[in-house]
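Hydrogens, waters and symmetry mates are skipped; everything else that's a heavy atom, side chains included, is used.
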Amino acid sequence: MQVNQSAKLTNVCYDIRGPVLKRAKQLEAEGQRILKLHIGNPAPFGFEAPPELLQDMVRNLPDAHGYSDSKGILPARRAVVQRYTEQGLTGVDVEDVYLGNGVSELIVMTLQALLDNGDEVLIPAPDYPLWTAGVSLCGGTPVHYLCDEAADWAPAVDDIEAKITDRTRAIVIINPNNPTGAVYPRPVLDRIVELARRRNLIIFADEIYDRILYDDAEHVSIASLAPDLLCLTFGGLSKNYRVAGFRSGWVVLSGPTEHAESYIEGLDILANMRLCPNVPGQHAIQAALGGYQSIEDLVLPTGRLCEQRDRAWKLLNDLPGVSCAKPRGALYVFPRLDPEMYPIEDDVRFAFDLLEQQRLLVVQGTGFNWPATDHFRVVTLQYADDLEEAVGRIGEFLATRRR
């Protein structure tokens with residue numbers, strides 16, 4: 001008997017770990033060295049976790065053998081409340097915090113509790129593709145609003161408003177943005193809040209990169225601008241604290257909840273069903289949020305992350321027919337290929353060919369639900385010299401494709 005995948009997966013994909021990566025693994029198994037620029041995983045590139053975070057986790061292991069509360073341990077949730085209170089969120093309590101096995105689990109969980117078949121969620125294009133996949137998996141319809149490359153990839157608020165219908169339930173804001181590295185200006189966030197207020201939308205704020213900021217960039221948590229709206233703010237340890245493998249994240253509910261009791265009951269049901277988040281990883285949260293913020297050293301002009309951002313951005317812009325806005329946050333650049341010079345009809349094929357010919361792994365722009373085939377994402381976690389080698393390979397490859 002043929003066993004087929006569920007029809008629920010029809011519109012679900014995650015190309016960051018898709019077919020191109022599968023081919024890269026085959027090449028590695030054959031002994032080939034692949035230069036990887038495809039995933040925001042700090043540890044393999046020499047970024048170490050803060051030692052106090054590891055010490056707290058190890059110290060608490062004897063008490064981490066059993067299940068915790070389904071929302072997570074109290075010390076970690078208190079630390080999350082304190083952090084967001086300092087960022088301007090008001091009225092937040094430990095009962096408003098759910099810890100999770102990374103933000104990824106919580107994204108799907110919060111969407112499952114909300115969406116009925118056909119409900120719409122506004123998601124940026126380009127996006128972190130788990131949002132689009134999660135909405136589809138939960139029976140909803142992802143509707144992509146455009147971000148404007150000419151405005152440093154800020155959301156096009158007029159496009160957001162044009163795509164709201166009577167089925168729209170929520171809007172997703174990814175700030176700082178993956179894959180573009182954009183950090184949204186406060187006036188843009190104010191306009192989005194005003195729009196959500198007028199159209200009764202829930203705000204889902206993915207702020208996992210909120211401490212990875214370059215130059216004079218300032219991150220404003222959108223929930224702090226909307227105390228009268230139901231907001232769900234997502235964060236975690238994976239990027240800021242370089243422990244992606246701990247799968248330690250959280251979501252904070254803020255704003256009025258009287259009208260959302262049924263939704264919150266649904267969240268509680270789903271939290272109970274997964275029993276609890278990874279308990280050892282929860283014990284790292286209090287030490288991380290309350291300790292020395294070593295990420296601040298890495299994003300200084302003399303810091304490694306900033307140096308690598310600068311090197312990748314400059315080298316890519318130096319290539320003929322390649323341009324990219326300067327990222328002000330996160331771990332990525334999202335270069336554009338001039339379609340007059342590089343007429344690429346299939347950017348998945350582009351990524352495959354780049355891998356086969358240059359042993360270089362990137363993710364094509366359509367993998368982030370960008371509607372055109374003229375972009376790709378480069379992760380800036382590699383050492384600066386390796387990034388220079390990688391961009392050199394991209395240049396050699398593009399020279400063979402130039403019109």
Given 3.5 Å as the limit, does a donor-acceptor pair link the side chain of [X] with the main chain of [Y], or not?
X      : Y      : result
Thr168 : Thr165 : yes
Arg274 : Ala271 : yes
Thr380 : Leu331 : yes
Arg169 : Asp119 : no
Gln382 : Lys36  : yes
Glu207 : Gly235 : no
Asn101 : Asn278 : yes
Lys239 : Gly40  : yes
Trp313 : Cys324 : yes
His219 : Val183 : no

Are [X] and [Y] side-chain neighbours, meaning at least one heavy-atom pair lies under 4.5 Å?
X      : Y      : value
Trp250 : Arg83  : yes
Ile394 : Phe376 : yes
Pro280 : Leu61  : yes
Lys71  : Ser68  : no
Pro320 : Met341 : yes
Lys326 : Asn317 : no
Leu9   : Leu137 : yes
Phe334 : Pro126 : yes

Taking Glu389 as the fixed residue, which of Arg359, Arg33, Arg311 is the one that meets the salt bridge (charged side-chain N to carboxylate O under 4.0 Å, His left out) rule? Arg33
Measure the spacing between [atom1] of [X] and [atom2] of [Y] and express it to the nearest 0.5 Å.
X      : Y      : atom1 : atom2 : answer
Leu305 : Leu213 : CG    : CG    : 11.5 Å
Leu381 : Arg242 : CG    : CZ    : 11.0 Å
Asn177 : Tyr209 : CG    : OH    : 9.5 Å
Asp215 : Asp310 : CG    : CG    : 7.0 Å
Ser248 : His283 : OG    : NE2   : 10.5 Å
Arg211 : Ile295 : CZ    : CD1   : 9.5 Å

Identify all side-chain donor-acceptor contacts of residues 86-93 below 3.5 Å with residues at least two apart in sequence or on another chain.
from: Glu86; atom 1: OE2; to: Gln82; atom 2: NE2; distance (Å): 3.4
from: Asp93; atom 1: OD2; to: Glu95; atom 2: N; distance (Å): 3.0

Scan the side chains in residues 51-60 for donor-acceptor partners under 3.5 Å anywhere in the protein, sequence neighbours excluded, and list what turns up.
from: Asp56; atom 1: OD1; to: Arg59; atom 2: NH1; distance (Å): 2.8
from: Asn60; atom 1: ND2; to: Asp56; atom 2: O; distance (Å): 2.8

Salt-bridge present (Glu356, Arg23; N to O < 4.0 Å): yes
Ile39/Leu21 under side chain to side chain contact (heavy atoms under 4.5 Å, CB included): CA gap, chis, key distance, verdict: CA-CA 10 Å; Ile39 192 167; Leu21 176 60; over 6 Å; no
Under 6.0 Å between ring centres: does that hold for Phe368 and Tyr332? no
Between Phe397 and Phe350 (judged by ring centroids, cut-off 6.0 Å), do the two rings come close enough to count as a pair?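 Close enough - the centres of the two rings lie under 6.0 Å apart.
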Tell me whether the count of non-hydrogen atoms from other residues, nucleotides or ligands lying under 6.0 Å of [atom1] in [X] goes above 12.
X     : atom1 : answer
Glu48 : CD    : no
Glu30 : CD    : yes
Gln26 : CD    : yes

Closest non-hydrogen atom pair between [X] and [Y], with its separation:
X      : Y      : value
Pro277 : Gln282 : O-NE2, 3.1 Å
Asp347 : Gly365 : OD2-N, 3.3 Å
Ala330 : Pro176 : N-CB, 4.2 Å
Leu237 : Ala284 : CD1-CB, 3.8 Å
Pro124 : Ile174 : CG-CD1, 3.8 Å
Asp386 : Leu35  : O-CD2, 3.7 Å

Test applied, side chain to side chain contact (heavy atoms under 4.5 Å, CB included); reference residue, Tyr145; option that passes from Val172, Asp159, Asp158, Ile192: Asp159
Arg377 and its side chain to side chain contact (heavy atoms under 4.5 Å, CB included) partner, picked from Leu37, Thr180, Asn178: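 Going through Leu37, Thr180, Asn178 one by one, the side chain to side chain contact (heavy atoms under 4.5 Å, CB included) with Arg377 is satisfied by Asn178 alone.
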Under the rule for side-chain hydrogen bond (donor to acceptor under 3.5 Å, both in side chains), what residues qualify as partners of Trp131, not counting sequence neighbours? Asp206
Residues in side-chain hydrogen bond (donor to acceptor under 3.5 Å, both in side chains) contact with His375, at least two apart in sequence or another chain: Glu149, Trp370
Cation-pi between Arg309 and Tyr214: NZ/CZ under 6.0 Å from ring centre and within 45° of the ring axis? yes
Centre of Tyr383's six-membered ring, under 6.0 Å away, within 45 degrees of the axis: is that where NZ or CZ of Arg304 sits? yes
Determine whether Leu99 and Arg77 satisfy the following criterion, side chain to side chain contact (heavy atoms under 4.5 Å, CB included), listing intermediate values before the conclusion. CA-CA 7 Å; Leu99 305 185; Arg77 287 192 281 150; 3.9 Å; yes
Sorted by chain and residue number, the salt bridge (Lys or Arg N to Asp or Glu O under 4.0 Å) partners of Arg328 (sequence neighbours excluded) come out as Asp216
For Asp353, salt bridge (Lys or Arg N to Asp or Glu O under 4.0 Å) partners two or more places apart: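 Expected list: Arg349, Arg401.
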Side chain to side chain contact (heavy atoms under 4.5 Å, CB included) evaluation trace for Phe204 with Leu114: CA-CA 12 Å; Phe204 286 85; Leu114 178 68; 3.9 Å; yes
Would Tyr342 and Asp374 satisfy side-chain hydrogen bond (donor to acceptor under 3.5 Å, both in side chains), going step by step from the backbone distance to the final call? CA-CA 8 Å; Tyr342 307 108; Asp374 55 357; over 6 Å; no
Check against side chain to side chain contact (heavy atoms under 4.5 Å, CB included), Asn240 and Ile212: CA-CA 7 Å; Asn240 294 336; Ile212 304 180; 3.3 Å; yes
